[in-house]
Each structure stands twice: as structure tokens, then as C-alpha cells.
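First listed ligand is number 1; within each ligand, the first listed atom is number 1.
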Amino acid sequence: MSDLVVADLVAGYGDARVLYGVGFTVREGEVCAILGPNGAGKTTLLRALSGVVRARGTITLGGTTLAGRSPDTIARHGVAHVPEGRGTFMPLTVEENLRLGAYVRRRGAEVEQDLARIYTYFPVLKTRLKQAAGSLSGGEQQMLALGRALMLRPRLLLLDEPSLGLAPLVTRELFRIVQAINAEERTTVVVVEQNAHLALGIAQQAHVLETGRIVLSGTAAEIRADEQVAQSYLGYR
Ligand code: ATP
């Protein structure tokens, strides 16, 4: 099984510690939501998982140790990170951005197959192939970022605030596609999201992070039913 196991994870920036011993497990093929207030360390957690931020502690995927490895090595182990702000290359075309996502892969035929598969999830990208990424709408750019991540054929997809700056309708469509990818490809997903309703709608498990520590964990239904979470993050009760 390619479970993601995180234990005793400590990470920060220089002397400033942000994560204080974070631990959780995501079973292969499941969606895990990370909730919590601004500044809790959610983005830092994803950065630690993809190796962008140095971390101490345990991170394993399917038994392979990822903690302490370079972002490139971690990507080669099948971890794709869609950062906040999307990280698309604006002057490059849609197609160039997508092909860049396959940089760790060699087989040309597979790349062509994957492009075709990505157009089935995101038909709009196929109609924009020769357009500069910078000319796309926010929702299309998020789709491109997700499409580019899929070109890695990831075992684990890390999504940071996919709904940021998008209209509700576009956000719902995006989450529908993430759910389809998870169901069809069996890709494990860790999603950081301010919109707790949406994230809990596609997740099996969820964790609430506060000042660098997990303060609450449970199934999506348990977290949704929790009084305090409902008040703090779901905007009702
Ligand atoms: P948000 O929802 O606001 O993005 P978050 O839960 O994702 O919040 P992080 O972005 O991980 O939180 O930030 C956690 C802490 O780390 C904050 O205090 C932030 O100021 C600090 N921080 C984030 N990035 C850096 C950086 N590059 N250098 C130094 N400190 C940073």
C-alpha cells in the first residue's frame, strides 16, 4: 500500500519554527483535508511534504522515506505539489506548461497518452493549447496547474488552496474534477482549503491545524459535526 505516513514533523523557516511535531496517516487512494486558521502552518506542511521546506521527522510514501530528500527526488517518487498561487509559467503556452509537468518522465508515447487523458478532465485546456498561460482565467489557470501536476502520474497530489480567488461555481467544478481524478486514478490527495465545506465534501479524513499542531482529527463527518469546527471554519452554529 502507498500510504502516506507523517510523524513528529518539525519544520520552519530559519530559526522560526512553524510545525511542532505533526503526525497523521493518509491511506492510499483517500482524500485528506487539512483545515485551520491563517498562519497555522498548512502551506508549510505541504511544502515540507514536497521537500520545498526542510523538515525533520518522518515522511514516508508506500514505505519509502521522503523526509530530507530534494523536491526533485520527491517528485520522482510520485508526489505532485500544486502550490498556492498555482505556479504556472505565465509566458509559456498551455501545452508547454503541461509538457513541463512530465519533465521527470522519458517515454514520449506515455506523455501523449497522458495529455489526451488530461484533456478529458479539462476539455477547456484543449481549446487553449497555443495560448499563453497568463491569458487564462483564474479557474482555467488552476485547471492548468492541476493538469500539469497530473502529467507526473502522481501517487500523491498536494493541493494548496485550490479555491483561492475563484468564483463559487468554478470552485465547485474544480472540486468535482479533483474527486473524479481521485476516484479514477486512485491518486491520494492532501488538500489544504479555507473552504472547509468543499474540502470536507470530498475528503474521507480531516485534520485541523492550529499554530503548527494538529488539534483535531477525524473522519470528514466527525469534523463537520464538531461544534467548534462548525463555529470556527464552517460559518454556522
Ligand atoms: P495561510 O492560510 O494564511 O496561507 P497557513 O496555515 O498556510 O496560512 P503558512 O503559510 O504555512 O500558514 O505560515 C505559517 C507561518 O509561517 C506564518 O507565521 C508565516 O508568517 C510563516 N511563514 C510562511 N512562509 C514563510 C517564509 N517563506 N519565511 C518565513 N516565514 C514564513
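- Residue contact annotation: Ala16 has no non-hydrogen atom under 4.0 Å from ligand 1.
- Note: an N/O pair closer than 3.5 Å links Gly41 and ligand 1 by distance alone.
- The protein heavy atom nearest to atom 11 (O) of ligand 1 is Thr44 OG1, 2.5 Å.
- Under the side-chain hydrogen bond (donor to acceptor under 3.5 Å, both in side chains) criterion, the residue pairs touching residues 19-41 are Asn38-Gln194, with sequence neighbours excluded.
- Counting only residues at least two apart or on different chains, the salt bridge (Lys or Arg N to Asp or Glu O under 4.0 Å) pairs with a member in residues 48-74 are Asp72-Arg76.
- Taking a cut-off of under 4.0 Å to the non-hydrogen atoms of Ala40, the atoms of ligand 1 that pass are 5 (P), 6 (O), 12 (O).
- A heavy-atom distance below 4.5 Å is not found between the side chains of Ser217 and Gln205.
- Put simply, the side chain of Asp3 never gets that close to the backbone of Gly62: no donor and acceptor are under 3.5 Å apart.
- Of the protein's non-hydrogen atoms, the one nearest atom 10 (O) of ligand 1 is Thr43 CB, 3.5 Å.
- For the side-chain contact (heavy atoms from CB on, under 4.5 Å) test with Leu45, the passing option among Val190, Val18, Ile34 is Ile34; the others fail.
- The shortest contact between atom 21 (C) of ligand 1 and any protein heavy atom is with Tyr13 CE1, 4.1 Å.
- Taking every non-hydrogen atom of Gln194 and a distance limit under 4.0 Å, the qualifying atoms of ligand 1 come out as 2 (O).
- The closest side-chain heavy-atom distance from Leu216 to His207 is not below 4.5 Å.
- The closest approach between a heavy atom of Gly39 and any atom of ligand 1 is below 4.0 Å.
- Under 4.0 Å from ligand 1, the heavy atoms of Val18 that appear belong solely to its side chain.
- Checking side-chain atoms of Asp8 against main-chain N and O of Val22 turns up no donor-acceptor pair under 3.5 Å.
- Heavy-atom separations between Gly212 and ligand 1 are all 4.0 Å or longer.
- The part of Pro37 lying near ligand 1 is the backbone, judged by heavy-atom distances below 4.0 Å.
- Inside a 4.0 Å radius of atom 19 (C) of ligand 1 there is not any protein heavy atom.
- Every atom of ligand 1 with a heavy atom of Glu84 under 4.0 Å away is listed here by number and element: 4 (O).
- Counting atoms of ligand 1 from 1 in the listed order, those under 4.0 Å from a heavy atom of Arg47 are 24 (N).
- No donor-acceptor pair under 3.5 Å is formed between the side chain of Asp160 and the backbone N or O of Val192.
- For the pair Arg155 and Thr188, the minimum side-chain heavy-atom distance is 4.5 Å or more.
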